[in-house]
Amino acid sequence: MASRRARRSITTFAILVLVSVTLVALSLGTSTGITSGLRSIGSTILSPVVDVVDTVTKPIGNFFSGALNYGSVSSENAKLRAIVSRQDQQLLTDKYERKQLAQISALQNLGFVGSTPMITAQTINLDISNFASSIQINKGSGSGIAVGMPVVGSGGLVGQVVIVNHSTATIRLVTDGQSKVGAVIGTTNMMGVISGVAANKALSLNYIAPNSKVPRGTVVYTNGLQGSLYPAGIPIGRVAQASTPVNGTQMDIDVTPAANLNELGFVDVLLWEPPA
Amino acid sequence: MSGVGSLRLALVVLLGVVVQVSILTNLRIAGMHPEIIWLFPLCAGLIAGSELGSITGFGAGLALDCLQPTPFGLTALVATVVGFFAGLLAERSGFTGDSSAWWVTPGLGVVASVSGTLVYGLLGFVFGEDQFTAINYLALVPVVAVAAGLLAIPVWFLVNWAIGDATSSRRVTTGVTSW
């Protein structure tokens with residue numbers, strides 16, 4: 001009996017390991033497919049419970065946090081009031097300018113600018129895992145958000161939707177190691193792929209021919225090539241340094257993200273999906 | 001294990017996942033948050049043996065994988081291994097939480113959680129997640145260790161309550177000797 005139990009235990013272990021490894025292999029390098037479906041189902045089941053606990057525990061946490069930091073909270077409030085009043089004023093000016101920009105964009109056929117519908121969402125969680133750069137937002141499939149949609153904000157590309165359920169979505173930031181974005185340097189035809197390295201680290205631009213002229217500060221945009229995961233023309237970042245290693249087959253280019261990824265209170269999800 | 005016991009264990013694991021995602025995620029020290037998910041397969045393995053340990057690990061890991069933008073299945077894989085080896089340890093050593101010194105369960109919790117986190121990082125790298133090498137493990141390991149040490153006993157009681165009647169069945173040793 002003991003050996004039968006041992007065999008059963010080892011068989012169960014082997015099967016579970018095999019299933020896990022298969023799931024990992026299927027999930028690598030793609031944000032869609034079977035594992036995405038499984039993840040969405042699981043997330044849809046679990047998220048309501050997480051949301052309820054979040055709703056209950058966050059105010060308690062905020063209360064203690066506020067009580068412990070009362071002085072700084074008061075001064076921060078005063079600063080925020082001043083910022084809001086300045087922004088009210090700016091908003092009136094912006095409305096007029098936005099109208100003009102939309103007209104110009106329509107005339108010049110500038111890709112996504114002003115033409116792609118978007119949803120503004122609030123960031124409700126940062127870095128759910130210690131091992132991934134991500135944020136969670138308070139809008140989900142109920143608002144029309146789907147896996148794969150690009151997210152912009154705070155001056156440039158923020159990332160891509162990777163998990164979605166009815167009321168929330170998780171965004172993988174461009175700095176995450178799994179993030180890969182097709183890019184074009186400035187107004188040139190030099191195209192490459194921008195990869196994330198880790199949180200708070202510069203992005204890496206790959207596949208640019210050695211000794212190409214890439215001035216520091218040049219803006220890098222999404223290239224929007226056929227099959228690309230992002231529409232063309234979204235600013236990703238600025239070139240921080242570019243050099244060609246000795247005997248290198250490509251340039252070594254660091255890009256600083258255009259978006260301030262440490263201050264993502266609100267983001268815009270572009271209701272855009274890659275053409276099939 | 002009875003149907004009621006399975007349901008209770010599922011609820012306890014679900015509670016663990018929810019606490020991990022909603023409360024512990026916001027408890028940041030040096031930019032890192034505690035990871036308690038490894039404690040559930042550890043306790044299940046120690047209480048009920050390697051089979052239930054690995055099943056609990058797989059379930060808990062998969063549930064967490066659904067909510068995190070990391071490779072799907074990786075937490076399940078590592079937690080399965082943690083649960084299985086915890087069960088194996090208990091089966092071969094005759095460990096019982098009730099009769100051992102008070103510090104043994106927290107100690108095992110620290111070892112399992114730190115090992116789980118490091119193995120997770122290593123396997124992630126093996127599977128091509130280069131950014132896993134850029135994690136500040138010097139900050140992460142102490143945070144994980146302290147949380148595991150503090151929470152191991154509460155988790156032990158929860159899992160023990162959930163499993164209940166299965167405790168006695170583990171006492172029949174599996175006789176695994178060749179690991």
Side-chain angles (χ1 to χ4, degrees), chain A residues 1-3 5-10 12-13 16-17 19-29 35-36 38-47 49-54 57-58 61 125-134 162-163 170-172 175-178 195-199 201, chain B residues 14 17-19 21-23 25-28 31-33 35 49-51 54-55 57-58 61-81 83-84 87-88 91 117 120-121 123-124 127-135 140 143-144 172-176:
Chain A
M1 176 168 171
S3 67
R5 278 176 63 89
R7 271 204 302 276
R8 201 177 76 177
S9 175
I10 291 167
T12 305
F13 173 65
L16 294 177
V17 166
V19 171
S20 304
V21 171
T22 306
L23 288 173
V24 175
L26 287 172
S27 76
L28 291 177
T35 53
S36 171
L38 288 172
R39 187 172 249 165
S40 284
I41 294 167
S43 172
T44 303
I45 295 167
L46 294 169
S47 287
V49 186
V50 174
D51 290 347
V52 169
V53 176
D54 249 352
T57 58
K58 268 222 166 119
N125 248 331
L126 297 170
D127 290 340
I128 302 159
S129 166
N130 284 317
F131 291 87
S133 302
S134 64
V162 287
I163 304 173
T170 303
I171 317 300
R172 177 182 293 141
T175 48
D176 186 85
Q178 286 193 57
S195 307
V197 177
K201 295 208 170 165
Chain B
L14 178 66
V17 172
V18 170
V19 167
V21 173
S22 61
I23 298 173
T25 301
N26 297 313
L27 275 180
R28 295 188 165 274
M32 299 293 171
H33 57 75
E35 307 223 347
S50 52
E51 187 177 15
S54 50
I55 292 171
F58 182 78
L62 206 62
L64 195 60
D65 280 327
C66 287
L67 300 167
Q68 293 187 332
T70 44
F72 188 74
L74 191 54
T75 316
L77 174 61
V78 179
T80 301
V81 173
F84 180 76
L88 211 59
E91 286 158 1
T117 303
Y120 182 87
L123 280 181
F127 279 114
E129 298 296 311
D130 292 347
Q131 84 272 17
F132 280 24
T133 58
I135 306 293
L140 178 59
V143 171
V144 169
V172 180
T173 175
T174 62
V176 177

Atom group of B:Leu67 that falls short of 4.5 Å from chain A, counting heavy atoms: both
Toward chain A, the part of B:Leu27 with a non-hydrogen atom under 4.5 Å: neither
Best-contacting candidate, B:Pro71, B:Gly128, B:Gly121, against chain A by heavy atom pairs under 4.5 angstrom: B:Pro71
Shortest non-hydrogen contact from B:Phe127 toward A:Val21: CZ-CG1, 4.3 Å
Any donor-acceptor pair under 3.5 Å from A:Asp176 side chain to A:Ala198 backbone: no
Under 3.5 Å donor-acceptor, A:Ser47 side chain and A:Thr44 backbone: no
Proximity breakdown for A:Val50 and chain B, heavy-atom pairs closer than 4.5 Å: both
By side-chain hydrogen bond (donor to acceptor under 3.5 Å, both in side chains) - contacts of B:Ser54 (at least two apart): none
pair B:Leu123-B:Val78: side-chain heavy atoms closer than 4.5 Å: yes
With sequence neighbours excluded, residues passing salt bridge (Lys or Arg N to Asp or Glu O under 4.0 Å) with B:Glu51: A:Arg8
Proximity breakdown for A:Ile163 and chain B, heavy-atom pairs closer than 4.5 Å: side chain
Portion of A:Leu38 that has a non-hydrogen atom of chain B nearer than 4.5 angstrom: both
Which of A:Leu23, A:Leu16, A:Ile45 touches chain B most, by non-hydrogen pairs under 4.5 Å: A:Leu16
Within-4.5 Å side-chain heavy-atom neighbours: A:Ile10 and B:Phe84: yes
Region of B:Phe72 that comes under 4.5 Å of a non-hydrogen atom in chain A: both
Chain A contact via B:Val19 - which portion, at a heavy-atom distance below 4.5 Å: neither
From CA spacing to verdict: ring-ring contact (aromatic ring centres under 6.0 Å, His included), B:Phe132, B:Tyr120: CA-CA 9 Å; B:Phe132 280 24; B:Tyr120 182 87; 5.7 Å; yes
Toward chain A, the part of B:Thr117 with a non-hydrogen atom under 4.5 Å: both
Structural part of B:Leu64 lying under 4.5 Å from a heavy atom of chain A: neither
A:Gln178 versus B:Glu129, side-chain donor and acceptor atoms under 3.5 Å: yes
A:Ser129 portion near chain B, given a 4.5 angstrom heavy-atom threshold: both
Segment of B:Leu140 engaging chain A (4.5 angstrom heavy-atom cut-off): side chain
